[in-house]
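Comments concern the structure below.
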Amino acid sequence: RRNGMIGNIYSMGLALQALETSGEFYAPRKWDRAQAFSVVYSHDYQQPMAIAQVLPPLVGKSYLNTGSWGCAATNGMAPSQQLLLSPTPGTIGVPTWNQARGVDTWGCPPTAAITVQFSITNTLKNYFHYSTSVCVPDNSKLLRVMEVARDEKPDIFCFTIKETNLGPFVTSIHGLAGNETERTYWQFFSCWSPLQEGVGTYKPKNWEHIQAIFSTY
């Protein structure tokens, strides 16, 4: 129904694990994994927890198999070979910044600036709506956009976050916090389409309109 997306990008890992290990419950109909896997293949996962959840189903496994693996994967390996399994800063996929030269280790100059429209809306109680445009370096994450908006207009775009295993979670904006009892939270949209990533990983495009709307679930 959603081109392979199950929930959102963060729930894909556990959803795929569940489907991979529960085939007997939906037999004789075979689960067509192609669409779901294409969603995973096309996404650039960055959060360690999300990566840990999505890797097992890519090889037909789940967390249920981990107890039988033990340390067999590295048995017989020389220590130098085992170290290669863990990337370090400056290696593939882990860039570092050379402040003296003003470039990263891949030789790329600082990125150009982009403009992002950011608005916050609450229609549930004590209505308010504010909007602004901020300038950030290209490839910036949404959290950076929010920080710039807060720095420019702290009385309006102030916010708080809570660190989770899947990255920062926005708990309040403009002094209004989500409430588990009332089942309210801040949901983020891009041109009225819900974001499938969190503020710590999503990277807005130039002139994209990001909306934070106080919502219920």
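Of the inter-residue distances, the one linking Phe214 atom CZ with Leu124 atom CG reads 6.0 Å to the nearest 0.5 angstrom. Note that NZ of Lys162 and OG of Ser172 are 11.5 Å apart. Values are rounded to the nearest 0.5 Å. Going from atom CD of Gln187 over to atom OG1 of Thr121 covers 12.0 Å, rounded to the nearest 0.5 Å. Atom CD1 of Ile161 is separated from atom CG of Leu143 by 5.5 Å, given to the nearest 0.5 angstrom.
Remark: the backbone N or O of Ser193 is not paired with any side-chain donor or acceptor of Ser190 at under 3.5 angstrom. In terms of modelled atom types and a separation under 3.5 Å, the side chain of Asp151 and the main chain of Pro154 share no donor-acceptor contact. Side chain of Asp138 to main chain of Ile114: no donor-acceptor pair is present (N/O by atom type, distance under 3.5 Å, no hydrogens or angles). Judged purely by atom type and a 3.5 angstrom limit, Ser215 uses its side chain to pair as donor or acceptor with the backbone of Ile213.
Residues Thr201 and Leu142 are not in side-chain contact: their nearest non-hydrogen atoms beyond the backbone lie 4.5 Å or more apart. Between Val134 and Thr115 the shortest side-chain heavy-atom distance does not fall below 4.5 Å.
Here the shortest heavy-atom pairing between Pro204 and Ser140 reads CD-O, 3.4 Å. Nearest heavy atom pair, residue Ile210 against residue Phe188, reads CG2-CD2, 4.3 Å. Closest heavy-atom contact between His209 and Phe118: CD2-N, 4.5 Å. Residues Pro57 and Gly13 approach most closely at CG-O, 4.0 Å, considering heavy atoms. Taking all atoms of both residues into account, the shortest heavy-atom contact from Lys153 to Ser131 is NZ-O, 4.4 Å.
Contacts of Tyr185 classified as ring-ring contact (aromatic ring centres under 6.0 Å, His included), with partners at least two apart in sequence or in another chain: Tyr217. Taking Tyr202 as the reference, nothing meets the ring-ring contact (aromatic ring centres under 6.0 Å, His included) condition, with sequence neighbours excluded.
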With side chain to side chain contact (heavy atoms under 4.5 Å, CB included) as the test, would you mind laying out the steps for Trp186 and Leu176 before giving the verdict? CA-CA 9 Å; Trp186 283 97; Leu176 179 61; 4.0 Å; yes

For a side chain to side chain donor-acceptor pair (under 3.5 Å) check, start with the C-alpha distance between His129 and Ser119, then their side-chain angles and the critical distance, and finish with the verdict. CA-CA 7 Å; His129 172 79; Ser119 63; 5.0 Å; no

I would like to know whether Arg144 and Lys203 meet side chain to side chain contact (heavy atoms under 4.5 Å, CB included); could you show each step before the answer? CA-CA 9 Å; Arg144 180 56 183 156; Lys203 298 177 180 179; over 6 Å; no

Step-by-step side chain to side chain contact (heavy atoms under 4.5 Å, CB included) determination, Glu208 to Gln117: CA-CA 6 Å; Glu208 184 173 358; Gln117 295 177 293; over 6 Å; no

Assess whether side chain to side chain contact (heavy atoms under 4.5 Å, CB included) is satisfied between Thr132 and Phe157, documenting all intermediate values. CA-CA 9 Å; Thr132 188; Phe157 294 100; 3.5 Å; yes

Starting from the C-alpha separation in whole Å, work towards a yes-or-no answer on side chain to side chain donor-acceptor pair (under 3.5 Å) for Thr171 and Thr160. CA-CA 6 Å; Thr171 54; Thr160 59; 2.6 Å; yes

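The cluster map of Ile, Leu, Val, Met, Phe, Trp and Tyr, joined by side-chain heavy atoms under 4.5 Å apart, puts Met146 and Leu166 in different clusters. No continuous path of hydrophobic side-chain contacts links Phe169 to Val199 [ILVMFWY only; heavy atoms under 4.5 Å].
The pair Glu197-Lys141 fails the salt-bridge criterion, with no side-chain N (NZ, NE, NH1 or NH2) lying under 4.0 Å from an Asp/Glu carboxylate O.
Heavy atoms of other residues, nucleotides or ligands lying less than 6.0 angstrom from CD of Glu180 number 12 at most. Asn126 CG: 12 or fewer foreign heavy atoms inside a 6.0 Å radius.
For His174 and Tyr130, the ring centers are positioned less than 6.0 Å apart.
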